[in-house]
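The block underneath contains the structure these notes are about, expressed in structure tokens.
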Amino acid sequence: MDYSFPKSQRLKSAKRISHIYRKGQKVKQSSLLLFYLEGESAEHKISVAVPKRKVPKAVHRNRIKRILREVYRLNKTELAATKGFDFILMYLGSDLPDQRKLEQAFIKLCEKWRNSAGV
RNA sequence: GAAACAGGCCGCCUUAUCGCUCCUAAUUUAAUAGGGGAGGAAAGUCCGGACAAUAUAGAGUACCGUGCUCUUUGAAAGGAGAGGUGUUUCGAAAGGAAUUUUGAGAUAACAGAUAGUACCGCAGAGAAUAUAUUUCUCUUUUGUACUUAGGACAAUGUUCUAAAUGCAGAAAAGUAAAGGUGAAAAGGUGCGGUAAGAGCGCACCGCGCUAUUGGCGACAAUAGUGGCAGGGUAAACCUCACGGAUUGCAAUACCACGUAUACCGGGGCUUAAGUGUUACUCGCACGAUCCCGGAGGGUAGGUAGCUUAGAUAAAUGAUAAGGAUCCCAAUUGGGAAACAGAAUCUGGCUUAUAGGCCUGUUUUAUUU
């Protein structure tokens, strides 16, 4: 099993990210929102986002982003596909989340994504 | 031992597994080994400094900062100690009172309100060139009551005139003493004085000015003098003194990519349009394939700056076990753990902070 999460699997270009926000499809499950768009390389690329308006404290924002990244890292296989996709995973709640609940929500989100993206 | 105050420090630890980031090493092109990886405030961005760019031709204005004294520390901002003054709390003393002296604290953006402007809600007559539709007082005058004196008549009464006194009203003044309003009412208390009053006069207190003395100084004491003009706000503008080039790492340098000397309108081509220079003015420099405006197009990736933390959609994390701390139950167990996340570095200031430790001072309990 591959649980690594190197730099090549992260979405880093500001131009590409704003493009996904504009043109990408959306899937929602409880407090998670996933933007996705077919990518340029064979690998998946992902980026996490927490809106400043919902979570004003920098400490809490950092924590939520780390938890989201950890959830993705441990459940990467749920998003397995033949093509590479670019994702943005956004947290819409305003409280500090529980990691186990978030993992279950993420797995459900992945099922929805598989159906809508037709993979 | 406990409580209060002041100052300082710490602000969970260990192991394993999975993962992130930077550096080094060697094999070699996707993996291995070793090492480093958030804070006392990283925060607010309120003051300094380094560094960078602009300018180096300066001057004035504007703007900003600081504001009792001395010593000390520091590159500066700032800090520390000692003192002075004002305000204020508690206690003591003197005095009839106003007030003064003194002991122990607290506190002050603590230069200037006799340069000018502005503001001072409500209440109140009046809030700054003081003042009345209250009260008080003199004078004049009207009415009335009573008394006295004189006269007339129809005579133990009636009536007229004059004067004094009381009451009520009016006019013209005096006064700012009393009541009342207010955070604040144009020196305070007492005595004299006056029609009533008033620094109008006097005593004491306070205040201003001048001189002398003491102190490095802020200031203080003493003497003389002035009858007292001049309320408060400068964290309102402002004035004075001292200091300050401006903009900030999204600075800036280099590499890569890419384009348009296109088009439209206007100005100018040597009697100067314009650009740069510190916000403005002057001055200075540059100045013809030029300048301004419109509409439109392209780029916005990387390296250095940048750090024995050093990223760039931004690492410093997750899970499990064990152990300290605190709380509830008191056998086993269950729960809690603050404020808060680096972005060029650095010195301060301010604000947030569960819990714990140490030192000192004061009060108090117990034991000897």
Side-chain angles (χ1 to χ4, degrees):
Chain A
M1 294 290 275
D2 177 22
Y3 293 121
S4 68
F5 186 37
K7 252 183 184 175
S8 60
Q9 292 181 14
R10 280 183 232 161
L11 203 53
K12 294 171 82 170
S13 162
K15 206 174 171 184
R16 181 74 184 149
I17 285 167
S18 56
H19 188 246
I20 291 166
Y21 274 128
R22 277 201 306 276
K23 302 280 172 60
Q25 306 290 312
K26 281 184 271 186
V27 182
K28 197 180 170 190
Q29 170 64 42
S30 68
S31 60
L32 292 173
L33 177 66
L34 186 75
F35 292 80
Y36 66 95
L37 195 65
E38 208 168 313
E40 289 148 353
S41 66
E43 262 188 320
H44 283 337
K45 284 178 183 288
I46 191 161
S47 151
V48 296
V50 181
K52 203 168 187 175
R53 215 185 312 160
K54 295 258 185 182
V55 186
K57 299 245 179 205
V59 172
H60 297 156
R61 270 204 308 284
N62 273 350
R63 180 135 183 81
I64 290 166
K65 280 153 88 173
R66 279 167 188 157
I67 290 170
L68 288 178
R69 231 178 276 127
E70 196 69 11
V71 165
Y72 170 75
R73 185 175 71 79
L74 298 172
N75 298 281
K76 274 201 312 193
T77 49
E78 298 289 328
L79 286 169
T82 51
K83 293 179 289 187
F85 277 84
D86 290 349
F87 299 101
I88 299 173
L89 185 60
M90 189 180 271
Y91 182 74
L92 296 177
S94 53
D95 308 325
L96 276 178
D98 180 75
Q99 188 168 343
R100 294 184 190 286
K101 285 181 185 170
L102 212 57
E103 267 190 80
Q104 291 168 10
F106 182 73
I107 289 165
K108 277 190 188 173
L109 183 73
C110 291
E111 281 175 26
K112 278 193 183 178
W113 172 76
R114 278 198 296 275
N115 293 333
S116 63
V119 179

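Reminder, nothing fancy here: chain letters follow the sequence lines and each chain counts from 1.
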Taking atom [atom1] in both [N] and [M], compute the distance separating them and give it to the nearest angstrom.
| N | M | atom1 | answer |
| --- | --- | --- | --- |
| B:A62 | B:C237 | C1' | 16 Å |
| B:U129 | B:C120 | P | 14 Å |
| B:U239 | B:C70 | P | 27 Å |
| B:A55 | B:C254 | P | 15 Å |
| B:U88 | B:U131 | P | 32 Å |
| B:U147 | B:A171 | C1' | 29 Å |
| B:U359 | B:U87 | P | 44 Å |
| B:A250 | B:U28 | P | 43 Å |

Query raised in the report: Only one of A:Phe106, A:Phe35, A:Tyr72, A:Trp113 forms a ring-ring contact (aromatic ring centres under 6.0 Å, His included) with A:Phe87, so which one is it?
Result: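 Answer to the ring-ring contact (aromatic ring centres under 6.0 Å, His included) test with A:Phe87 among A:Phe106, A:Phe35, A:Tyr72, A:Trp113: A:Trp113.
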Query - Polar side-chain atom of A:Arg61 near backbone of A:Pro56 as donor-acceptor pair, under 3.5 Å - result: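 Such a contact is found between A:Arg61 side chain and A:Pro56 backbone.
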Query - A:Lys112 side-chain N/O to A:Lys28 backbone N/O, donor-acceptor pair under 3.5 Å - result: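 At least one qualifying donor-acceptor pair exists.
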Report task. Kindly say whether, by distance alone, the side chain of A:Arg69 makes a donor-acceptor pair under 3.5 Å with the base of B:C20? Result ->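 Between B:C20 and A:Arg69, which were checked side chain against base, a qualifying N/O pair under 3.5 Å is absent.
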Report task. Ignoring backbone atoms, test whether A:Lys57 places a side-chain nitrogen or oxygen under 4.0 Å from the OP1 or OP2 oxygen of B:A340. Result ->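 Checking B:A340 against A:Lys57, a side-chain N or O does come within under 4.0 Å of OP1 or OP2.
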Requested in this report: Please determine if a side-chain N or O atom of A:Arg66 lies less than 4.0 Å away from the OP1 or OP2 oxygen of B:U316.
Outcome: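 Checking B:U316 against A:Arg66, a side-chain N or O does come within under 4.0 Å of OP1 or OP2.
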Query raised in the report: Where does B:A38 fall, syn or anti, if syn means a chi angle no more than 90° from 0?
Result: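 B:A38: syn glycosidic orientation.
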Query - Nearest-neighbour nucleotide for the A:Ser47 side chain, B:G341, B:A318, B:A313 considered - result: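 Selected nucleotide: B:A313.
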